[in-house]
Peer 1: 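Here it is, the structure, as structure tokens.
Quick note on labels: first sequence line is chain A, next is B, and so on, each numbered from 1.
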Protein chains: 2
Amino acid sequence: MAKKFEQYCPVAHALELVGERWSLLIVRELLKGPKRYTDLADALPRIGTNVLAARLKELEACEVVVKRRLPPPTPAQVYELTPYGVALRPVVRELARWGLHSLPAPTEEDNLVPGWLPDAMETFFAPVAPDGSFEFRIGDELAALVDGEVVAGSVEDPDVLLEASPAAFYYLFVERRWDGVDVEGNRELLEQLLDAAAPVEDPLVV
Amino acid sequence: MAKKFEQYCPVAHALELVGERWSLLIVRELLKGPKRYTDLADALPRIGTNVLAARLKELEACEVVVKRRLPPPTPAQVYELTPYGVALRPVVRELARWGLHSLPAPTEEDNLVPGWLPDAMETFFAPVAPDGSFEFRIGDELAALVDGEVVAGSVEDPDVLLEASPAAFYYLFVERRWDGVDVEGNRELLEQLLDAAAPVEDPLVV
DNA sequence: CCGCATCCCCAAAGATACTG
DNA sequence: CAGTATCTTTGGGGATGCGG
């Protein structure tokens with residue numbers, strides 16, 4: 001936590017708090033909700049237990065994370081973001097939007113994390129979604145978006161029903177290629193959603 | 001550049017490209033414009049020349065930065081962001097907005113970098129500024145904002161003229177305390193600008 | 001000078017084993 | 001389950017060297 005950069009600059013300061021390796025990935029995990037130590041270790045495959053412990057202590061020290069003990073029914077302790085930690089969501093979101101541009105399409109070997117689809121919808125679509133209801137079925141994941149709100153399960157009679165493999169979904173989203181994509185309902189509304197999220201040219205034209 | 005995180009995740013991928021120590025600070029520097037090697041080294045006090053060289057190579061490899069040779073008048077080579085590198089601006093901006101909340105007020109010893117004020121206006125005010133013209137005189141820095149555009153020098157007959165020390169400006173901006181702040185002109189417009197940038201409660205209520 | 005490459009030293013990361 | 005302890009290896013920080 002010592003001043004590594006020796007600059008009076010909010011960016012340098014932020015990076016002193018959450019710029020270490022793994023820190024922002026821990027935050028990304030905890031943005032999905034409180035998690036136990038072992039669950040964090042499982043979600044961050046190669047982290048190494050000592051590093052995880054160290055990072056969590058640092059994040060506690062700068063009040064990004066708090067350790068909390070759950071009430072007796074299941075007396076486990078969980079790590080949880082503070083409000084200041086939750087405020088990192090825009091940072092993580094912009095990193096995701098930027099990173100997606102140079103991320104190759106998912107292959108069969110890429111083991112996508114369960115729950116990635118609602119997470120992705122929250123990150124990419126929810127902030128910019130037009131009114132309307134969308135249901136996405138990607139691989140074995142299912143998620144929906146209703147008037148800008150992500151809902152976990154299915155939705156009745158959605159305006160748009162999209163079905164695709166993860167790879168086809170990637171190409172649709174990143175390159176606007178419709179091969180392998182099944183759309184039922186209001187396709188224009190879907191295009192409107194894609195254009196709003198618009199990672200196809202948007203960030204590169206800043 | 002090897003896969004350190006072994007996850008198919010845009011955030012992890014982004015951090016593999018620009019998550020190393022110093023990388024985002026180099027980007028922050030280059031967002032102000034192309035810079036020579038030595039100028040970068042000067043702007044990043046404790047970086048160490050080997051690390052700077054290594055980071056620049058990595059950033060070149062992932063097409064965030066390009067090395068360019070200036071034409072004969074001054075035959076120097078400069079480093080410059082690619083469009084993909086410039087697309088990191090939202091990431092740096094959100095980091096700055098987040099970091100500011102736990103950054104203490106500047107003291108006398110904090111040697112602010114020349115040009116910090118237009119930079120700060122670009123980061124915090126320009127994206128959200130209402131129409132109107134503002135001139136800020138903070139310490140020995142001077143910058144203005146006209147209809148959301150930052151202009152380096154002075155502006156004639158601004159709607160708002162603000163004068164303060166760096167510390168007073170900090171307290172005004174972060175905690176909305178007006179001690180030591182001189183305002184001439186449309187104070188309501190200034191409050192509107194501050195509320196739009198609003199780091200006082202905005203990110204903490206996300 | 002400017003733009004690095006090399007060398008040395010130490011701090012931190014990775015891997016594994018072990019404990020309350 | 002939630003870490004600590006230990007060991008090895010990688011990488012950063014700082015100084016110096018060196019060609020253009």
Side-chain angles (χ1 to χ4, degrees), chain A residues 1-7 12 15-27 29-30 33-62 65-81, chain B residues 1-7 12 15-30 33-62 65-80:
Chain A
M1 211 55 49
K3 58 228 157 191
K4 296 183 288 276
F5 298 122
E6 295 199 346
Q7 298 201 337
L15 290 173
E16 282 175 4
L17 301 185
V18 296
E20 294 292 303
R21 194 176 289 189
W22 294 108
S23 291
L24 277 175
L25 291 179
I26 294 173
V27 170
E29 254 348 274
L30 293 181
K35 281 223 164 67
R36 290 179 306 175
Y37 184 90
T38 350
D39 298 332
L40 280 171
D42 290 346
L44 281 353
R46 301 173 36 98
I47 191 176
T49 175
N50 54 346
V51 178
L52 176 55
R55 288 290 164 276
L56 285 171
K57 272 188 188 152
E58 293 171 16
L59 292 174
E60 277 190 76
C62 60
V65 158
V66 283
K67 194 192 299 189
R68 193 159 54 90
R69 196 162 279 286
L70 290 183
T74 47
Q77 58 187 327
V78 293
Y79 290 90
E80 181 175 35
L81 291 180
Chain B
M1 209 57 45
K3 58 227 157 192
K4 294 183 289 278
F5 297 123
E6 295 200 345
Q7 298 202 337
L15 290 173
E16 281 175 4
L17 302 185
V18 297
E20 294 292 304
R21 191 176 292 190
W22 295 108
S23 292
L24 277 176
L25 292 180
I26 293 173
V27 170
R28 176 205 68 185
E29 244 5 80
L30 293 180
K35 282 221 164 66
R36 290 179 308 176
Y37 185 90
T38 349
D39 297 333
L40 280 172
D42 289 346
L44 280 355
R46 300 171 38 98
I47 192 176
T49 175
N50 54 345
V51 177
L52 177 55
R55 289 291 166 275
L56 286 171
K57 270 187 188 156
E58 294 171 14
L59 293 173
E60 277 190 77
C62 60
V65 158
V66 282
K67 194 192 300 187
R68 193 160 55 91
R69 197 162 280 284
L70 290 184
T74 47
Q77 59 186 328
V78 292
Y79 290 90
E80 183 175 33

Peer 1: Polar atoms only, N or O, under 3.5 Å: list the protein pairs with nucleotides 12-15 of chain D and their distances.
Peer 2:
{"unit_1": "dG12(D)", "atom_1": "OP1", "unit_2": "Arg55(B)", "atom_2": "NH2", "d": "2.0"}
{"unit_1": "dG13(D)", "atom_1": "OP1", "unit_2": "Trp22(B)", "atom_2": "NE1", "d": "3.4"}
{"unit_1": "dG13(D)", "atom_1": "OP2", "unit_2": "Trp22(B)", "atom_2": "NE1", "d": "3.0"}
{"unit_1": "dG13(D)", "atom_1": "O6", "unit_2": "Asn50(B)", "atom_2": "ND2", "d": "3.3"}
{"unit_1": "dG14(D)", "atom_1": "OP1", "unit_2": "Arg46(B)", "atom_2": "NH1", "d": "3.2"}
{"unit_1": "dG14(D)", "atom_1": "OP1", "unit_2": "Arg46(B)", "atom_2": "NH2", "d": "3.2"}
{"unit_1": "dG14(D)", "atom_1": "OP2", "unit_2": "Arg46(B)", "atom_2": "O", "d": "3.3"}
{"unit_1": "dG14(D)", "atom_1": "O6", "unit_2": "Asn50(B)", "atom_2": "ND2", "d": "2.9"}

Peer 1: Expressed in angstrom and rounded to an integer, what is the separation of Asp42(A) atom CG from dG3(D) atom P?
Peer 2: 14 Å
Peer 1: Quick one: do Leu52(A) and Ile26(A) satisfy side chain to side chain contact (heavy atoms under 4.5 Å, CB included)? Show the steps, please.
Peer 2: CA-CA 9 Å; Leu52(A) 176 55; Ile26(A) 294 173; 3.8 Å; yes
Peer 1: In degrees rounded to 10°, what angle is found between the helical axes fit to the five outermost pairs at each end of the helix from dC1(C)-dG20(D) to dG20(C)-dC1(D)?
Peer 2: 30°
Peer 1: Among residues at least two apart in sequence or on other chains, which ones pass salt bridge (charged side-chain N to carboxylate O under 4.0 Å, His left out) with Arg21(A)?
Peer 2: Glu20(B)
Peer 1: Under a 4.5 Å cut-off applied to non-hydrogen side-chain atoms, are Arg46(B) and Phe5(A) in contact?
Peer 2: no
Peer 1: Who passes side chain to side chain donor-acceptor pair (under 3.5 Å) against Glu60(B), sequence neighbours left out?
Peer 2: none
Peer 1: Given dA2(D), is OP1 or OP2 found less than 4.0 Å from the side-chain N or O atoms of Lys57(A)?
Peer 2: no
Peer 1: Using 0.5 Å steps for rounding, measure from the CG atom of Leu17(A) to the CG atom of Leu59(A).
Peer 2: 9.0 Å
Peer 1: Whole-Å distance between dA2(D) C1' and Tyr79(A) OH?
Peer 2: 7 Å
Peer 1: How would you give the extent of chain A contacts on DNA chain C, as first and last nucleotide 5' to 3' within a 4.0 Å heavy-atom cut-off?
Peer 2: dA13(C) to dA17(C)
Peer 1: For Glu6(A), what residues pass the side chain to side chain donor-acceptor pair (under 3.5 Å) criterion, not counting sequence neighbours?
Peer 2: none
Peer 1: Just to verify, what does Asp39(B) make a salt bridge (charged side-chain N to carboxylate O under 4.0 Å, His left out) with, not counting sequence neighbours?
Peer 2: Arg36(B)
Peer 1: Using whole Å, report how far CG of Leu52(A) lies from P of dC1(D).
Peer 2: 14 Å
Peer 1: List for me each residue that meets side chain to side chain donor-acceptor pair (under 3.5 Å) alongside Glu29(A), sequence neighbours excluded, and say none if there are none.
Peer 2: Lys32(A), Lys35(A)
Peer 1: Would you call Glu80(B) and Arg68(B) a salt bridge, using N to O less than 4.0 angstrom?
Peer 2: yes
Peer 1: Taking only residues two or more places apart in sequence, or in another chain, which ones meet Thr49(B) in a side chain to side chain donor-acceptor pair (under 3.5 Å)?
Peer 2: Tyr37(B)
